[in-house]
J.: 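Submitted below is the structure of interest, expressed as structure tokens.
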Amino acid sequence: VSDLAALIAQQSINGIYLGCLYVMVALGLTLIYGVLNQINFAHADFVTVGAFTAFFTVTRFATKALGLPDTGGYLLSLFTALGAGAILGILVNAIVFSPLRKAGADELRPLIATIGISVLLENGQLALFGPIPYQFDSPFAKETIRFGPLFFSQQSLLVVIVSVAAIAGLYAFMRFTFLGKALRAVAQDRETAGLMGINQNLVIAMTIVIASAFAGMGGALLGPVVVLTPFAGASLIVKAFAIVIIGGFGNMEGTIVAGLLVGIIEAFTVQYLGSGLIDLVVFALLLVMLVFRPTGLIAERKEENV
Amino acid sequence: VKRWIGIGISVALVAAAPWILGTPYWRGILVVCAMNVLLALSLNLVIGYTGQLNLGQSAFYAIGAYVSTILMKTYGWNFWLAALAAVLGAGVVGLALAAFAVRLRGHYLAIASLGFAVITYQVLVNWESMTEGVRGIYGILPPVGSTLGLFYLVAGIAVVVYLLLDNLVRSPIGETLRAIREDEVSAASLGVNGAVWKAFAFGLGAAIAGLAGCFYPGFVGTLVPDAFNIVESFTMMAMVIVGGMGTMIGPVIGAIVLTLLPEVLRGFGELRLLVYGLALTLVVLFMPGGMVQAWQALRARFA
């Protein structure tokens, strides 16, 4: 019995670690949806760009040019990846979301445009980096921490700490700063917020940049976990959508719960059913949610307009 | 009368195409072209005429390909019977998905259909006893021996499907679909059952994609799940949108241009998708009506 309990505890730990990674990706999607009612389909490709940025920071820049130790290089790469994501966020807002919003386009045009950006980013990276997976080793992955019958790598601990800190930082920002309050106001009612003198364009741009920076940093954390090819994001985006829908589109708390849930489900699916069935299980859950509870696990706050 | 002249010219162009581009390589490209036209027509009915963003069309293409091939290879059916079953199968699955998808709008439908495409792909990979998984099915014969014959067969079917759809969208049914696209609530207030008609368009689009899928395995000779990656859905969408969604001729032109363009730009051969992504983004941003809109704008300027 204790073996089973240990196994369940071990898989739950693995699941929470995976879930933290998924939350880092899915949170940006839900943040943009909450404020803008739009989907950035290229969001997960920002994760890939972040992962490659981190990879080259570690292997080329930090250790070779700056002479940092491996661990320092990896920590630095978290921030270069974050910066890369933020830059992509500025670009995608300037190229897609801002012009289409001013043109009064319907809700599907930005989605289709970002699908184009996604295809473009994936194949642009294919041209640059080739199809062969990169071996991205985190220096923290080698060190294992034992805790009774349970063990986990320093890397997974680092992932949990960094994502919890990032999410806490985001919450503090939204709760206590003026811009954060403006963001929430725009999410609740864009027009009224505009009447109150809040600069919507600034708030929307800021939201997209924050969301994309999360994606970039998520890339640095995910890089050592996924098979790092230009198409790493493609397999991630569908899972991120599943999380966002299970959690309720635009609902941050729901997304965090759903991300952890999907991570844990994935860990147990690998244990009991085999890794080939992960996507099947997650998507079956997604379709069930869409049929029975399309507003997500935690009830929706606002009705969709007709 | 003008319409019949247009049809006559188009048929003559289709008939002449394999003689203008006479090498075996180019005739192969033309077969791909004809299949892509069928796919673009199928997706346009759903996206263009009914306003449902379906990101899962590759799944129905896959169902057509796998059902027809398995019926032929494993159960020894003849091609036409297997194709009929595959088209019906894709249509029924499309209707089943639509039965609950019609309740979803906009983004939710897009994600649900994307999820369906991912599930279908995973089933093809994992159900090895039936589909051979990633190993693939080999030695599939086309329904007619020569590439030329295959082109005339698929292109002929594409022309027939085009004419049937053209009649459909001109009929009251077409008006109903457009009314739903423009404003479903207003359409409902006029007594239109939006759910039924959306499911009809979705199922018919799925069946046509399944029909295109019947010809793919015989043409290539092998069948692997990777041919039906979700990126296939995006390339179909690029064809529909670059050509001009919600018009009949636009997606046809989009399919032809986006199939031939990467071949013409030889250097980009392996980066076909880069061209697609760029074309899709630019058209959505600057010319949402696609090439049809650009053509009308040009004509308005010079006429």
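Computed from a prediction, not measured in an experiment: that's the story for all the values here. Here is how names work: the chains are called A, B, and so on, in the same order as the sequence lines, proteins then strands, and each is numbered from 1.
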J.: Do Leu126(A) and Leu273(B) pass the side chain to side chain contact (heavy atoms under 4.5 Å, CB included) test, and can you show the C-alpha distance, the side-chain angles, and the key distance before you say yes or no?
T.: CA-CA 10 Å; Leu126(A) 178 67; Leu273(B) 287 167; over 6 Å; no

J.: Determine whether the aromatic ring centres of Phe283(A) and Tyr121(B) lie less than 6.0 Å apart.
T.: no

J.: Provide the closest heavy-atom pair for Ala113(A) versus Leu285(B) in the form atom of the first, atom of the second, distance.
T.: CB-CD2, 4.4 Å

J.: Quick one: side chains of residues 237-259 of chain B, donor-acceptor pairs under 3.5 Å with protein atoms, not counting sequence neighbours, listed by atom name and distance.
T.:
from      : atom 1 : to        : atom 2 : distance (Å)
Thr247(B) : OG1    : Gly244(B) : O      : 2.8
Thr247(B) : OG1    : Gly250(B) : N      : 3.1
Thr259(B) : OG1    : Asn36(B)  : ND2    : 3.1
Thr259(B) : OG1    : Ala255(B) : O      : 2.5

J.: Using the ring of each side chain (for Trp, its six-membered ring), is His107(B) parallel, tilted or perpendicular to Phe249(A), with breaks at 30° and 60°?
T.: tilted

J.: What heavy-atom pair brings Ala110(B) and Leu111(A) nearest, and what distance separates the two atoms?
T.: CB-CD2, 3.9 Å

J.: Taking all non-hydrogen atoms of both residues, which atom of Val284(B) and which atom of Leu100(A) are closest, and how far apart?
T.: O-CD2, 4.3 Å

J.: Report the option among Leu121(A), Leu280(A), Leu286(A) that has the most heavy-atom pairs separated by less than 4.5 Å from atoms of chain B.
T.: Leu280(A)

J.: How long is the span from the CD1 atom in Ile245(A) to the CD1 atom in Ile111(B), to the nearest 0.5 Å?
T.: 4.0 Å

J.: Please check if the number of heavy atoms outside Ile132(A) that lie under 6.0 Å from its CD1 is greater than 12.
T.: no

J.: Do Phe41(A) and Leu114(B) have side-chain heavy atoms sitting under 4.5 Å apart?
T.: yes

J.: Select, from Ile112(A), Val96(A), Thr114(A), Val238(A), the one with the greatest count of heavy-atom pairs under 4.5 Å involving chain B.
T.: Ile112(A)

J.: Assess the residue pair Leu55(B) and Ile115(A) against the criterion (side chain to side chain contact (heavy atoms under 4.5 Å, CB included)); give the C-alpha distance rounded to whole Å, side-chain angles, the decisive distance to 0.1 Å, and a yes or no.
T.: CA-CA 10 Å; Leu55(B) 298 181; Ile115(A) 288 177; 3.7 Å; yes

J.: Using 0.5 Å steps for rounding, measure from the OG1 atom of Thr281(B) to the CD1 atom of Ile117(A).
T.: 4.5 Å

J.: Decide yes or no on side chain to side chain contact (heavy atoms under 4.5 Å, CB included) for Asn229(B) and Phe231(A), but give the supporting numbers first.
T.: CA-CA 12 Å; Asn229(B) 212 311; Phe231(A) 300 99; over 6 Å; no

J.: Non-hydrogen atoms of chain B under 4.5 Å away: do they reach the side chain of Ala242(A), the backbone, both or neither?
T.: neither

J.: Which one wins on heavy-atom pair count under 4.5 Å against chain A: Asn126(B), Val123(B), Val283(B), Thr235(B)?
T.: Asn126(B)

J.: Salt bridge (Lys or Arg N to Asp or Glu O under 4.0 Å): which pairs involve residues 277-295 of chain B, sequence neighbours left out?
T.: none

